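Hydrogens, waters and symmetry mates are skipped; everything else that's a heavy atom, side chains included, is used. No experiment lies behind these values; they were computed from the predicted model shown.
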Amino acid sequence: MTTPRTTYVTTTIPYVNARPHLGFALELVQADVLARHRRHRGDRVRFLTGTDDNSLKNVLAAEAEGVPVQDFVDRNADAFAALRAPLALSYDDFIRTSRDPRHRVGVERLWRLCADSGDLYRRHYEGLYCVGCEQFYAPAELVDGRCAEHGTEPRPVAEENWFFRLSRYADQLHDLISSGRLRIEPAVRRNEVLALIESGLHDFSVSRSQTRARGWGIPVPGDPDQVVYVWWDALGNYVTSLGHGTDDPAFDQWWTGATHRSHLLGKGVVRFHAVYWPALLLSAGLPLPTDILVHDYLTVDGRKISKSGGTSVDPAELTAEFGTDAVRWWLLREVPRVGDADFTRERLVARANADLAGGVGNLVNRVVTMVHRFRDGRVPERSAGAESATAEGAAVGGAAAGDVAAEGAEGVEGTEQLVAVCREVPGLVDDALADFDFRRATAAVWRIVQEADRCVDGTRPWELAKAERGGDRAAGERLDGVLAALVGACRALADQLGPFLPESAARVAAQCASTDGRLPAARPLFARLGEV
């Protein structure tokens with residue numbers, strides 16, 4: 001037995017200047033799939049998400065609404081935490097940077113470590129500041145004088161701040177990324193980061209005045225007139241949530257000792273996670289993440305979904321209308337590895353009806369109905385090993401899970417390709433998710449549905465049953481093998497579908513589980529969604 005991997009999976013922590021939108025739900029669901037998949041394959045996994053409370057954006061939004069900042073932040077942060085149920089999330093930890101007692105002590109510790117390395121200094125600075133990005137920009141980085149991310153004109157700001165010696169780490173960062181020791185996927189994002197580093201890195205401001213921060217945030221250690229820059233504050237959550245700066249053993253287990261430390265993030269914040277954050281960790285003498293996994297954006301009518309841009313889609317409302325399975329499946333099946341994806345309710349409904357109601361649901365219903373019609377609900381004796389194979393596959397994942405359909409079906413004419421596909425799918429899913437490609441991973445799972453449908457159409461069990469009733473014993477034996485393979489395929493489908501659609505997978509598994517030797521009566525697994 002090999003030693004299980006220790007996998008730490010994180011999302012970014014979003015500003016809480018408004019309620020959550022579908023764009024962040026994409027990231028949550030992707031992270032959830034990775035966490036569930038690695039647990040299913042036997043890893044020890046910790047999955048973290050949370051909220052970035054200490055932002056000037058949050059303060060300005062609270063002021064605009066006339067609400068105390070803490071009350072405003074608490075209300076919106078609760079809305080993010082409440083996505084756990086509607087999105088079927090399995091996160092192990094949820095951190096809030098304004099409330100969690102672990103956070104401030106960890107941020108202060110990180111600051112002092114970088115100060116001890118000689119990488120913090122104070123100087124006067126004047127520049128153009130985008131509140132939306134919480135970032136200074138050089139004029140050359142703007143598009144027609146506007147922030148490319150938000151389309152707004154940055155404000156001129158002049159103040160004295162603390163700076164971090166980012167320039168000191170340019171060569172080291174370039175070497176780590178180009179060698180793959182710090183892995184950035186997909187390659188187009190890695191190349192962008194390398195180009196940024198090659199263009200020259202400049203020291204960046206890591207604090208704000210208490211006045212400009214409206215007194216909101218974590219004071220700089222030893223300099224209470226300054227507040228720690230929100231990105232330094234926020235990035236620290238990946239280690240502060242593990243008790244960095246305390247004697248909590250979680251830090252050694254899940255950061256220092258983890259096999260994989262994987263950050264999921266949107267393309268708009270790559271600079272912070274792939275340049276600033278690794279540089280801070282190098283300065284502090286701490287291990288770096290192993291994987292930075294970058295997704296592109298969701299759009300509505302070609303415009304990026306955003307909380308403040310008038311293109312927000314509320315994921316909680318969407319799941320209330322269409323169901324968790326439909327929303328998760330669209331996000332995983334439709335969004336490409338590279339390139340933005342345009343969301344519409346019509347596309348969501350069409351995909352759910354075609355794949356869930358018309359695909360998975362229809363297949364399982366057909367198979368269970370045939371077992372009841374031709375074998376009184378009893379899975380044929382030739383598949384007696386399927387139950388143990390299912391249990392083994394669920395325990396260890398990988399190829400064992402793909403053997404579920406093979407039990408009792410080897411050599412049965414018309415089932416060979418189905419058996420082969422069920423054995424191949426776990427490896428295909430592993431490879432796709434290792435490449436951070438959810439669309440390819442779901443397409444691999446979908447092969448089971450496609451091949452099982454082909455098997456039904458090719459073997460025509462109803463004709464075998466008719467021949468058996470006419471006295472053809474060989475047809476009856478073949479029918480046993482075909483039904484065994486089809487039930488096994490449905491069990492394999494439930495097994496492989498689990499990380500993507502945990503609620504649907506559980507329903508499929510229950511429909512295909514024998515109780516006292518018989519399958520439960522067939523029942524619809526998915527309601528067909530109405531036209532939008």
message: As an exercise, state the distance from CZ of Arg183 to CG of Leu176, rounded to the nearest 0.5 Å.
response: 15.5 Å

field: Side-chain heavy atoms of Trp329 within contact of Leu356, under 4.5 Å
entry: yes

field: Sidechain N-carboxylate O distance under 4.0 Å for Asp223, Arg122
entry: yes

message: Quick check: closest heavy atoms across Ile292 and Ala274, and the distance to 0.1 Å?
response: CD1-CA, 3.6 Å

task: Given side chain to side chain donor-acceptor pair (under 3.5 Å), test Glu198 with His174 step by step and report yes or no.
output: CA-CA 8 Å; Glu198 290 163 3; His174 193 282; 2.7 Å; yes

message: For the CG atom of Leu331 and the CG atom of Leu318, what is their distance to the nearest 0.5 Å?
response: 8.5 Å

query: Is a side-chain donor-acceptor pair under 3.5 Å present for Thr10 with Arg261?
result: no

field: Shortest non-hydrogen separation from Pro287 to Trp255 and the atoms involved
entry: O-NE1, 2.9 Å

field: Between CZ on residue Arg345 and CZ on residue Phe322, distance to nearest 0.5 Å
entry: 5.5 Å

message: Can you see whether His260 engages Asp43 through a side-chain donor-acceptor pair at a distance of less than 3.5 angstrom?
response: no

task: Would you please say whether a donor-acceptor pair under 3.5 Å links the side chains of Thr246 and Asp248?
output: no

query: Would you say the side chain of Trp216 lies within less than 4.5 Å of the side chain of Ser98, judging by non-hydrogen atoms?
result: yes

query: Looking only at atom types and distance, does a side-chain atom of Asp203 sit under 3.5 Å from a main-chain N or O of Ser167, one as donor and one as acceptor?
result: yes

message: Please determine whether a side-chain nitrogen of the Lys or Arg among Arg337 and Asp435 lies less than 4.0 Å from a carboxylate oxygen of the Asp or Glu.
response: no

message: Ignoring hydrogens, what is the shortest heavy-atom contact between Gly359 and Trp446? Give both atom names and the distance.
response: CA-CH2, 3.6 Å

message: Under a plain distance cut-off of 3.5 Å, with no hydrogens placed, do His295 and Gln30 share a side-chain donor-acceptor pair?
response: no

- request: Output, in order, the C-alpha distance, side-chain angles, deciding distance and verdict of salt bridge (charged side-chain N to carboxylate O under 4.0 Å, His left out) for Asp233 and Arg208.
  value: CA-CA 12 Å; Asp233 176 329; Arg208 303 290 181 262; over 6 Å; no

query: Are Asp32 and Arg36 close enough for a salt bridge, meaning some N to O gap below 4.0 Å?
result: yes

task: Given salt bridge (charged side-chain N to carboxylate O under 4.0 Å, His left out), test Arg104 with Glu108 step by step and report yes or no.
output: CA-CA 6 Å; Arg104 177 167 176 169; Glu108 291 173 341; 3.0 Å; yes

Shortest non-hydrogen separation from Arg328 to Val33 and the atoms involved: NH2-CG2, 3.8 Å

- request: Decide side chain to side chain contact (heavy atoms under 4.5 Å, CB included) for Leu293 and Leu265; before the verdict, give the C-alpha distance in whole Å, the side-chain angles of both, and the deciding distance to 0.1 Å.
  value: CA-CA 6 Å; Leu293 308 175; Leu265 50 130; over 6 Å; no

- prompt: Do Tyr15 and Asn76 have a side chain donor and acceptor closer than 3.5 Å?
  reply: no

message: Any side-chain to backbone donor/acceptor pair from Thr259 onto Thr6? Under 3.5 Å, distance only.
response: yes

field: Atom pair OG1 (Thr12) and CG (Asp52), whose distance is rounded to the nearest 0.5 Å
entry: 9.0 Å

message: Using a strict threshold of under 4.0 Å (side-chain N to carboxylate O), is an ion pair present between Arg190 and Glu192?
response: no

message: Check this for me, if you would: do Arg39 and Asp92 make a salt bridge, where the nitrogen-to-carboxylate-oxygen distance has to be below 4.0 angstrom?
response: yes

- prompt: Does Trp111 have its ring centroid less than 6.0 Å away from the ring centroid of Trp232?
  reply: yes

field: Sidechain N-carboxylate O distance under 4.0 Å for Asp74, Arg99
entry: yes

field: Residue list, ring pair (Phe, Tyr, Trp, His ring centres under 6.0 Å) with His244, at least two apart or on another chain
entry: Phe251

field: Derivation and outcome, salt bridge (charged side-chain N to carboxylate O under 4.0 Å, His left out), residues Arg351 and Asp355
entry: CA-CA 6 Å; Arg351 177 59 75 177; Asp355 286 5; 2.9 Å; yes

- prompt: So, His202 versus Phe163, ring centres under 6.0 angstrom or not?
  reply: no

task: Could you walk me through whether Tyr238 and His273 pass ring pair (Phe, Tyr, Trp, His ring centres under 6.0 Å), step by step?
output: CA-CA 11 Å; Tyr238 303 128; His273 288 80; 5.8 Å; yes

- request: Provide the closest heavy-atom pair for Arg168 versus Ser117 in the form atom of the first, atom of the second, distance.
  value: NH1-O, 3.3 Å

task: Give the minimum heavy-atom separation between Ala31 and Leu264, together with the two atoms involved.
output: N-CD2, 3.4 Å

field: Polar side-chain atom of Arg165 near backbone of Gly118 as donor-acceptor pair, under 3.5 Å
entry: yes

query: Does the distance from a Lys or Arg side-chain N to an Asp or Glu carboxylate O, for Glu334 and Arg347, drop under 4.0 Å?
result: no

task: Kindly say whether Tyr297 contributes a backbone atom to a donor-acceptor pair with the side chain of Asp340 at under 3.5 angstrom?
output: yes

message: Testing the 3.5 Å rule here: is there a donor-acceptor pair between the side chains of Tyr229 and Asn161?
response: no

message: What I'd like to find out is whether the side chain of Trp162 reaches to under 4.5 Å of the side chain of Gln226, using heavy atoms alone.
response: yes

- request: Can you measure from OH (Tyr91) to CZ (Arg46) and round to the nearest 0.5 angstrom?
  value: 13.0 Å

- request: For this output row, return yes or no: ring centroids of Phe204 and Trp231 closer than 6.0 angstrom.
  value: no

message: More than 12 heavy atoms of other residues, nucleotides or ligands under 6.0 Å from CG of Asp171: yes or no?
response: no

query: When rounded to the nearest 0.5 angstrom, what distance separates OG1 in Thr97 from CG in Asn54?
result: 4.0 Å

